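Just so it is clear, the model here is predicted, and its values are computed rather than measured.
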Amino acid sequence: MTTLINKNGLSVTNNPKAIHEELFRGTGSVMGEGVSVFMQNESITEKYIVVFKENSVEPPLERKFIAGRFKEALELFQQWLDQKA
């Protein structure tokens, strides 16, 4: 199982509920090996979920989702985590 941490370095369970809680009610950031997902506030009313992947050879990849599209952001995050493993 992939080890995930939050912005404070504390462990986060790799399941949708735990990741959702950490993003929306916790530190707003979950990181795995080379992949992260975090909340970004554009304004008071606009919030985005950003999924970021670091590649050592290629430029980093980044996808933004509106906060209501958590399921799609989570699927991409899990897909990129699986590619790193």
Side-chain angles (χ1 to χ4, degrees):
M1 176 172 257
T2 305
T3 303
L4 301 177
I5 59 172
N6 67 11
K7 195 181 329 187
N8 297 330
L10 300 173
S11 180
V12 176
T13 307
N14 189 3
N15 69 51
K17 183 178 179 184
I19 294 170
H20 184 275
E21 288 294 316
E22 190 62 40
L23 287 178
F24 288 92
R25 293 183 184 90
T27 62
S29 180
V30 177
M31 297 165 271
E33 186 178 338
V35 183
S36 63
V37 60
F38 57 91
M39 296 299 295
Q40 183 179 55
N41 297 324
E42 289 289 320
S43 68
I44 293 173
T45 58
E46 290 182 273
K47 291 185 179 190
Y48 293 97
I49 300 170
V50 179
V51 183
F52 184 84
K53 179 180 179 184
E54 175 64 39
N55 295 320
S56 58
V57 179
E58 303 170 11
L61 300 173
E62 180 179 295
R63 291 271 319 268
K64 265 187 186 180
F65 299 88
I66 59 171
R69 295 176 64 191
F70 171 75
K71 186 176 178 181
E72 293 172 53
L74 179 65
E75 287 173 3
L76 181 63
F77 177 67
Q78 293 290 356
Q79 178 185 354
W80 284 354
L81 266 177
D82 291 342
Q83 288 176 359
K84 284 289 191 177

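Side chains of Glu22 and Thr27: a donor on one and an acceptor on the other come within 3.5 Å.
Between the CZ atom of Arg63 and the CD atom of Glu72 there is a distance of 8.0 Å, given to the nearest 0.5 Å. In this structure, Phe77 CZ and Leu4 CG are separated by 5.0 Å, a value rounded to the nearest 0.5 Å. The structure places CE of Met39 at 11.0 Å from NZ of Lys7, a figure rounded to the nearest 0.5 Å. With rounding to the nearest 0.5 Å, the separation of CH2 in Trp80 from CD in Glu33 is 15.5 Å. Within the model, atoms OG of Ser29 and CD of Gln40 stand 12.0 Å from one another, a figure rounded to the nearest 0.5 Å.
A single hydrophobic cluster is seen to contain both Val12 and Phe24, as judged by linkage of ILVMFWY side chains at heavy-atom distances under 4.5 Å, directly or through other members. Under a hydrophobic clustering in which Ile, Leu, Val, Met, Phe, Trp and Tyr are joined whenever their side-chain heavy atoms come within less than 4.5 Å, directly or via other members, Val35 and Leu76 fall into the same cluster. Tracing side-chain contacts under 4.5 Å through hydrophobic residues (I, L, V, M, F, W, Y), one reaches Leu74 starting from Leu61; they form part of the same cluster. At a threshold of 4.5 Å between side-chain heavy atoms, the hydrophobic network of Ile, Leu, Val, Met, Phe, Trp and Tyr places Phe70 and Val51 in one connected group. Using a 4.5 Å cut-off between side-chain heavy atoms of Ile, Leu, Val, Met, Phe, Trp and Tyr, with links allowed through other members, Phe65 and Ile19 fall into the same hydrophobic cluster.
No more than 12 heavy-atom neighbours from other residues, nucleotides or ligands sit within 6.0 angstrom of NZ on Lys71.
When side chains are defined from C-beta on, Gln78 counts as touching Leu81, because their heavy atoms get closer than 4.5 Å. Side-chain contact between Val30 and Phe38 is absent, with no heavy-atom pair separated by less than 4.5 Å. Taking the side chain as every heavy atom from C-beta outward, Gln79 and Asp82 never approach each other to under 4.5 Å. Between Arg69 and Ile49, the closest side-chain pair of non-hydrogen atoms is not below 4.5 Å.
Closest approach of Phe52 and Pro60 over heavy atoms only: CZ-CB, 3.5 Å. Contact between Lys47 and Asn41 at its shortest, heavy atoms only, is CG-OD1, 3.2 Å.
Side-chain atoms of Asn15 come within 3.5 Å of backbone atoms of Lys17 as a donor-acceptor pair (strictly under, hydrogens ignored).
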